Amino acid sequence: MTLRTRFAPSPTGYLHIGGARTALYSWLHARKHNGQFVLRIEDTDRERSTQASVDAIIEGMDWLGLDYDEGPIFQTERFDRYAEVIDQMLEQGTAYRCYCTRDELDAVREAQRANKEKPRYNGKCRDRKDTPEGLDSVIRFKNPLEGDVIIDDLIKGQIVINNRELDDLIIARTDGTPTYNFTVVVDDLDMEMTHIIRGDDHINNTPRQINMITALGKDVPKYAHAPMILGDDGKRLSKRHGAVGVMQYRDDGYFPQAVLNYLLRLGWSHEDQEIFSREEMIELFKIENVNGAASTFNTKKLIWVNEQYIKTLPVAEIAEHLQWHLDDQGLTIVEGDDFPTLHDVIEAHRDRAKTLKELAAGIRYYYQDFESYDENAAKKHFKTATPAILQNLLDKFSQIEDWNAQNIETEIKNTCEELELGMGKVGPALRVAVTGTAMSPSLEVTLDLIGKKRSLARLEKAVEFATAKYA
RNA sequence: GUCCCCAUCGUCUAGCGGUUAGGACACCGCCCUUUCACGGCGGUAACCGGGGUUCAAGUCCCCGUGGGGACGCCA
C-alpha cells in the first residue's frame with residue numbers, strides 16, 4: 001500500500017507558520033517514503049471559508065515548494081458522498097437524529113459547568129424512537145459508552161481516552177451540512193490516508209474519529225500529532241495571536257528554504273546539524289523524532305538560518321529570489337553601460353545582508369544616483385579636511401585607465417601617503433561620497449562596482465558639497 | 001472546572017541508567033578591520049519540586065507545580 005498523507009487546512013485565513021510546519025512534516029513524511037501528499041481544503045464552514053483564503057493557502061504552499069500529488073480537493077464538492085455515509089450510519093444505527101434545541105443544549109452545558117463537570121451532550125435523544133414532524137434536528141454519532149480508545153501516536157506515544165469522556169458529536173447540522181470530525185473521517189478513509197499528521201490541538205478529536213472509523217468498519221490509520229508553536233509570550237501562535245502568514249516571510253526577505261529549515265529544526269533535530277537542503281530534509285527526517293513538546297518561535301534564529309542561505313546559495317538562485325524585492329523596492333537593474341552585473345553586486349554584498357530585503361535596499365547606489373547623503377554619515381565623516389582629500393582622490397582616480405579594484409586600492413593608498421593620513425581619515429569620507437552611506441563592502445570593491453564614470457561624478461559632487469558645508 | 005498533552009541553558013535542541021550534561025541562536029569579551037558586516041577564539045548560562053525504583057536517575061514510576069491544548073450545529 002502506498003503511504004499517503006495530507007494537509008487539510010480550513011480556508012479561513014492565510015497559511016500561517018504553524019500550519020506550514022505541519023504541512024512540512026506531512027510532506028516530508030510522504031516524500032521520504034515515496035508516498036503521496038494530498039492537499040485538501042476543509043471548507044465545510046461556508047460562513048467563514050473564502051476564496052481569498054484558498055488562494056492564499058495555495059500561494060503559500062507554492063512559495064514554500066510543498067508540492068502535492070493530489071488536490072486541492074474541496075470538501076464542499078463532496079457533500080453527496082457525506083450524505084451517503086450519513087444515511088448509511090443512520091440505517092445501521094451508529095448515528096441518530098437529535099431534536100434538542102440550542103437553548104436546551106446551552107442549559108445542559110451550563111449546568112454541567114456549574115457542577116464542575118466537563119460540558120458535553122447528555123444523550124437525551126440517543127434512544128429516541130419517534131420521528132417528530134416539523135422539528136429541526138441534527139444528526140449525531142452514537143459514540144460507544146464504555147471502553148478505552150487507544151491512540152498509538154507516532155510522536156506522543158500511547159494515549160488512552162475513556163469513552164466516558166466523549167459524547168455524541170454532531171455530524172450533520174440542522175441544514176444537513178456535515179461537520180468537521182465527520183468529513184475528516186470520510187475523506188481520510190476515501191482518500192486512503194495511511195498517516196494523519198496534524199497539530200496536537202486535534203488530539204481530542206482523534207478518539208472520536210477512531211470510533212467513527214471503527215463504526216464504519218474500516219482500519220484506523222496511523223496518527224502523529226505535532227506540538228504547537230508558541231509565541232514569545234508562551235501562548236500558542238495562531239492567526240489571531242501573533243502568527244503571520246508565510247507570505248509575510250517572503251515580504252520580509254527570507255528564503256522559502258530558510259523558513260522550511262527553521263521550521264524543521266523547531267521541534268526536530270539530526271545530530272548537531274542546523275542547515276538542511278531539501279534533499280537532506282527528506283532523507284533524514286523521521287516523524288518519530290519530532291519532539292513532543294511545544295516550542296517557542298524565535299525570529300533571531302530564523303534570521304541566522306536565512307543568513308546561512310544568503311551566504312552559501314548560488315548567486316543565480318539568490319538573484320531569483322531577490323527579484324521580488326527589487327521590484328517591490330522599485331529598483332530596476334540595468335546591466336551594461338558601465339553598470340555592474342547583479343551577480344557581482346550580490347557576491348560583494350551577500351556576507352553583509354541578513355535578508356533579501358536588506359540586500360535589495362543595500363545595493364541601490366550601484367544602479368541609482370542618490371539625492372542626499374545619509375545625515376549621520378555626512379555629519380560624522382565630512383570634516384573640514386574632506387574637500388582636499390576627496391579632490392586628491394578624484395585627481396588620482398581620473399588617471400586610472402584600467403578601472404579595477406587593484407588600481408583603485410593603489411590610488412587610495414597613494415592619497416593616504418601623499419596627505420600623510422591614515423586610512424581611517426580617508427576611507428570613511430570616500431565611502432560617504434560615493435555611496436551616500438557609511439556602509440559598503442571594502443572601498444576598492446565598491447568603487448570598482450560603481451564604475452569609473454559614476455565614481456568620479458559622485459566625487460565631484462561630494463567635493464562641492466563638503467566645500468559648501470565648510471565655506 | 002473536567003479531560004488530554006508537555007517539562008534539559010533566555011530560545012531551539014542532544015541525551016534514550018554510569019557524560020567534566022554536548023551543539024546552535026542570542027548575549028558578553030578578545031582578535032581581524034577603512035565602514036557595516038563576515039569570520040576566528042573564548043566566556044556566562046540548564047536537568048521545575050518532592051517522593052520512590054536502583055549499587056547508580058536528567059534518563060524509569062508516582063504525586064505535586066507550571067505551561068499548553070480541548071471541551072461548538074468552527075475547523
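In what follows, chains carry the letters A, B, and so on, assigned in the order in which the sequence lines appear, proteins first and then strands, with residues in each chain numbered from 1. If you're wondering where the values come from, they're calculated on a predicted model, not measured in any experiment.
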Subject >> side chain to side chain contact (heavy atoms under 4.5 Å, CB included) evaluation trace for A/Q368 with A/L331 >> reply: CA-CA 8 Å; A/Q368 238 172 47; A/L331 181 60; 3.8 Å; yes
Subject >> Summary of ring-ring contact (aromatic ring centres under 6.0 Å, His included) pairs that have at least one residue in residues 377-396 of chain A, sequence neighbours excluded >> reply: A/Y373-A/F382, A/F382-A/F465
Subject >> Plane angle bin for A/Y309 and A/F255 - parallel if under 30°, tilted between 30 and 60°, otherwise perpendicular >> reply: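 Ring orientation, 0 to 90° scale: tilted.
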Subject >> Mutual orientation of the aromatic rings belonging to A/F285 and A/W268 [parallel < 30°, tilted 30-60°, perpendicular > 60°] >> reply: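 Because their plane-to-plane angle lies in the 30° to 60° range, the rings of A/F285 and A/W268 count as tilted.
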Under 4.0 Å, heavy atoms only, any strand: does [X] hit a base, just the sugar-phosphate, or nothing?
X      : value
A/I203 : sugar-phosphate
A/P119 : base
A/E117 : base
A/P441 : base
A/R350 : nothing
A/H225 : nothing
A/E358 : nothing

Original post:
Less than 3.5 Å between a donor and an acceptor, one on the side chain of A/R352 and one on the base of B/C36, is that the case here?
Top reply: yes
Could you please name the option among [options] that lies closest to any side-chain atom of [X]?
X      : options             : value
A/S442 : B/A75, B/C3, B/U35  : B/U35
A/R236 : B/A75, B/A26, B/A70 : B/A70
A/Y180 : B/U35, B/C3, B/A75  : B/A75
A/E444 : B/A75, B/U34, B/C3  : B/U34

Considering only the [atom1] atoms, how many Å lie between [N] and [M], rounded to the nearest integer?
N     : M     : atom1 : answer
B/G43 : B/C48 : P     : 25 Å
B/A70 : B/U53 : P     : 39 Å
B/G72 : B/A56 : P     : 49 Å
B/A14 : B/C9  : C1'   : 13 Å
B/U59 : B/G17 : P     : 12 Å
B/C12 : B/C6  : C1'   : 16 Å
B/G66 : B/G40 : C1'   : 41 Å
B/C4  : B/C62 : P     : 13 Å

Subject >> OP1 or OP2 of B/A75 under 4.0 Å from side-chain N/O of A/T44 >> reply: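 For A/T44, the contact criterion (side-chain N or O under 4.0 Å from OP1 or OP2 of B/A75) is met.
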Subject >> Residue-phosphate contact under 4.0 Å: A/K311 side-chain N/O, B/G39 OP1/OP2 >> reply: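 Checking A/K311 against B/G39: at least one side-chain N or O falls below 4.0 Å of OP1 or OP2.
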Ion pair check, [X] and [Y], cut-off under 4.0 Å:
X      : Y      : answer
A/E409 : A/K413 : yes
A/R208 : A/D167 : yes
A/R113 : A/E110 : no

If pairing requires Watson-Crick or G-U wobble contacts with both distances under 3.5 Å, which nucleotide is the partner of [N]?
N     : value
B/A7  : B/U65
B/G1  : B/C71
B/C36 : none
B/C41 : B/G29
B/G58 : none
B/A21 : none

Starting at atom [atom1] of [X], determine the distance to atom [atom2] of [N], rounded to an integer number of angstrom.
X      : N     : atom1 : atom2 : value
A/D200 : B/G69 : CG    : C1'   : 6 Å
A/D201 : B/A75 : CG    : P     : 14 Å
A/D351 : B/G40 : CG    : P     : 11 Å
A/W304 : B/G23 : CH2   : P     : 14 Å
A/N181 : B/A70 : CG    : P     : 13 Å
A/D103 : B/G72 : CG    : C1'   : 14 Å
A/R431 : B/A37 : CZ    : C1'   : 11 Å
A/K354 : B/A26 : NZ    : C1'   : 11 Å

Original post:
Is the base of B/C38 syn or anti, if syn means a glycosidic angle within 90° of 0?
Top reply: syn
What N/O pairs connect the protein and nucleotides 11-16 of chain B at under 3.5 Å? Give each pair on its own line.
residue, atom, partner, partner atom, Å
B/C12, OP1, A/T296, N, 2.8
B/C12, OP1, A/T296, OG1, 3.2
B/C12, O2', A/R265, O, 2.9
B/U13, OP1, A/G267, N, 2.8
B/U13, O3', A/S269, OG, 3.3
B/U13, O2', A/S269, OG, 3.3

Original post:
Which pair of heavy atoms, one from A/S26 and one from A/R6, lies closest together, and at what distance?
Top reply: OG-O, 3.3 Å
**OP:** Could I get the full list of salt bridge (Lys or Arg N to Asp or Glu O under 4.0 Å) partners for A/D201, not counting sequence neighbours?
**Re:**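 With neighbours one apart ignored, the set is A/R236.
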Original post:
Which residue lies toward the 5' end of RNA chain B, A/E165 or A/P11, if each is placed at its nearest nucleotide?
Top reply: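 Nearest nucleotide further toward 5': that of A/E165.
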Original post:
Does atom CD of A/E288 have more than 12 heavy-atom neighbours from other groups under 6.0 Å away?
Top reply: yes
**OP:** Kindly check if the number of other-residue, nucleotide or ligand heavy atoms within 6.0 Å of CD (A/E420) is above 12?
**Re:**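 At most 12 heavy atoms, drawn from other residues, nucleotides or ligands, come within 6.0 Å of this atom.
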